[in-house]
2 protein chains.
Amino acid sequence: MRIGELARLTGVSPRSLRWYGEQSLLRETRTSGGHREYDDDAVERVRIIQVLFAAGVPARHVAGILPCVDTGTTTPAMVARLEEERTRLRAQAAELAATLERLDEVVVETRLRLLAA
Amino acid sequence: MRIGELARLTGVSPRSLRWYGEQSLLRETRTSGGHREYDDDAVERVRIIQVLFAAGVPARHVAGILPCVDTGTTTPAMVARLEEERTRLRAQAAELAATLERLDEVVVETRLRLLAA
DNA sequence: CTTGAACCTGACATGCATGTCAGATCTTAC
DNA sequence: GTAAGATCTGACATGCATGTCAGGTTCAAG
């Protein structure tokens with residue numbers, strides 16, 4: 001598929017998709033005229049990239065995490081990086097959950113206070 | 001306590017703590033000489049702020065979420081904003097968890113591939 | 001073959017949180 | 001009161017992902 005369709009399917013702007021390509025996060029082939037061409041896997045891949053970005057993983061780390069970017073090869077360094085980042089994300093998810101709990105408490109307290117007023 | 005101690009306790013730079021103050025994320029009083037003074041709650045508060053930042057909540061939203069910043073007042077708008085953000089964070093936490101699952105799969109697959117090689 | 005939509009490259013701009021540096025002022029221990 | 005360390009303000013710089021704009025090329029439908 002071409003960049004417009006991928007953008008539509010993922011909600012990510014063409015500008016960003018081109019940048020993902022530059023950063024080797026996304027595999028792209030070219031038509032004879034130079035237009036980018038993506039295969040169907042790209043949709044899922046873009047979604048994962050977005051989640052990782054939202055979790056604060058910088059692009060240069062994502063490139064080191066997601067295997068098979070260009071060559072299909074996977075190095076032990078990639079596995080190490082992946083496990084490392086996975087650990088970090090687990091910790092972050094736990095902290096986020098704890099903070100959500102606290103926010104829940106605040107909501108309840110605040111509602112009570114407003115009811116009393 | 002003063003800014004240096006708060007920085008040490010939280011791991012957040014004095015520069016950032018001053019900026020939190022500017023953005024009304026953090027309550028600060030001043031000594032007669034103009035130095036910032038924080039009370040003990042600030043430590044916990046800074047930690048929460050950091051978790052929210054890591055979850056992608058921009059500072060201007062944080063200011064609207066955490067109640068009682070200066071005045072101790074809490075408006076219905078704050079509650080609405082808080083619940084809204086809470087919903088977003090829950091969705092994000094779920095997505096993050098799903099992505100972690102997928103990364104786990106990739107780790108296993110990759111290990112197998114490496115073992116086979 | 002033409003035309004309008006989609007795409008290309010390249011450059012500059014933005015928002016956000018933080019880093020860094022300079023020069024001045026405050027605080028505290030002696 | 002003085003010296004050393006902590007803090008102040010204000011300004012400029014950085015990294016990251018994205019937005020935007022301009023001028024040109026390609027694609028596909030008629």
Side-chain angles (χ1 to χ4, degrees), chain A residues 1-39 42 45-66 69 85 88-89 92 95-96 99, chain B residues 1-39 42 45-66 69 85 88-89 92 95-96 99:
Chain A
M1 85 190 69
R2 270 171 304 168
I3 200 168
E5 190 179 357
L6 183 56
R8 198 168 34 76
L9 291 177
T10 59
V12 174
S13 72
R15 169 71 176 84
S16 294
L17 294 176
R18 288 189 197 104
W19 188 76
Y20 294 178
E22 273 174 30
Q23 309 300 311
S24 301
L25 306 183
L26 204 53
R27 168 117 105 139
E28 49 186 37
T29 56
R30 299 298 184 115
T31 69
S32 53
H35 286 195
R36 270 162 263 252
E37 193 79 28
Y38 304 91
D39 46 274
R45 194 172 177 102
V46 168
R47 296 225 166 96
I48 292 184
I49 291 172
Q50 288 276 296
V51 172
L52 292 176
F53 281 178
V57 182
R60 65 182 184 285
H61 284 31
V62 175
I65 288 176
L66 296 183
V69 177
E85 207 72 38
R88 208 183 59 75
L89 292 181
Q92 185 172 331
E95 271 187 338
L96 184 50
T99 296
Chain B
M1 84 190 73
R2 272 172 303 171
I3 202 169
E5 191 178 356
L6 184 56
R8 199 168 34 74
L9 291 176
T10 59
V12 175
S13 73
R15 168 69 177 85
S16 294
L17 294 176
R18 289 190 197 103
W19 188 76
Y20 293 178
E22 274 174 29
Q23 310 299 312
S24 303
L25 305 184
L26 206 51
R27 170 118 105 140
E28 48 186 39
T29 56
R30 299 297 184 117
T31 70
S32 52
H35 285 194
R36 270 162 264 250
E37 193 79 29
Y38 304 92
D39 45 274
R45 194 171 176 102
V46 168
R47 297 224 167 98
I48 292 184
I49 292 172
Q50 287 277 296
V51 172
L52 293 177
F53 281 178
V57 182
R60 66 183 183 285
H61 283 32
V62 175
I65 288 177
L66 295 182
V69 177
E85 208 72 39
R88 210 182 58 75
L89 291 181
Q92 185 171 333
E95 271 189 339
L96 185 50
T99 296

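Note that the structure is predicted; figures quoted are calculated from it, not measured. Reminder, nothing fancy here: chain letters follow the sequence lines and each chain counts from 1.
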Rounded interatomic separation in angstrom, taking CZ from B:R60 and C1' from C:dA17: 12 Å

Between D:dA17, D:dT18, D:dC8, which nucleotide gets closest to the side-chain atoms of A:S16? D:dT18

Which nucleotide in C:dA17, C:dT18, D:dA17 has an atom nearest any side-chain atom of B:Y20: C:dT18

Is any side-chain heavy atom of B:T99 closer than 4.5 Å to a side-chain heavy atom of A:L89? no

Can you measure from CZ (A:R18) to OG (A:S13) and round to the nearest 0.5 angstrom? 8.5 Å

Write down the protein N/O and nucleotide N/O pairs, taken from nucleotides 20-24 of chain C, whose separation is under 3.5 Å; answer none if there are no such pairs.
| residue | atom | partner | partner atom | Å |
| --- | --- | --- | --- | --- |
| C:dT20 | O4 | B:R15 | NE | 3.1 |

What is the separation between atom OH on B:Y38 and atom C1' on D:dC8, rounded to the nearest whole Å? 11 Å

Could you list the protein-to-nucleotides 26-30 of chain D atom pairs, N/O on both sides, closer than 3.5 Å?
| residue | atom | partner | partner atom | Å |
| --- | --- | --- | --- | --- |
| D:dC27 | OP1 | A:T31 | OG1 | 3.1 |
| D:dC27 | OP1 | A:G33 | N | 3.1 |

Please state how far atom CZ in B:R30 lies from atom P in C:dC26, giving the value in whole angstrom units. 13 Å

Rounded to the nearest 0.5 Å, what separation is found between the OG atom of B:S24 and the CD atom of B:E22? 9.5 Å

What is the distance from CG of A:L25 to P of D:dA17, rounded to the nearest Å? 8 Å

Give the rounded distance in Å between these two atoms: CD of B:E5 and P of C:dT27. 16 Å

Between atom CZ of A:R45 and atom CG of A:D39, what is the distance when rounded to the nearest 0.5 Å? 10.0 Å

Against the side chain of A:I3, the closest entry in D:dT18, C:dC7, C:dT18 is C:dC7

Is any side-chain heavy atom of B:F53 closer than 4.5 Å to one of B:L25? yes

Need one value for A:Q50: base, sugar-phosphate or nothing, where a base atom within 4.0 Å counts as base even if backbone is also close, heavy atoms only. sugar-phosphate

Short question: side chain of B:Q92, backbone of B:A55 - any donor-acceptor pair under 3.5 Å? yes

Ring centroids only, cut at 6.0 angstrom: are B:Y20 and B:Y38 within range, meaning strictly under it? no

Which pairs with one or both residues in residues 1-12 of chain B pass side chain to side chain donor-acceptor pair (under 3.5 Å), sequence neighbours excluded? none

Distance, rounded to the nearest Å, where B:L6 contributes CG and D:dT7 contributes P: 10 Å

Interatomic distance, A:R18 CZ vs D:dT18 P [rounded to whole Å]: 14 Å

For the side chain to side chain contact (heavy atoms under 4.5 Å, CB included) test, which of B:L52, B:V51, B:I49 pairs with B:V57? B:L52

Rounded to whole Å, CG of A:L17 lies from P of D:dT18 at a distance of 9 Å

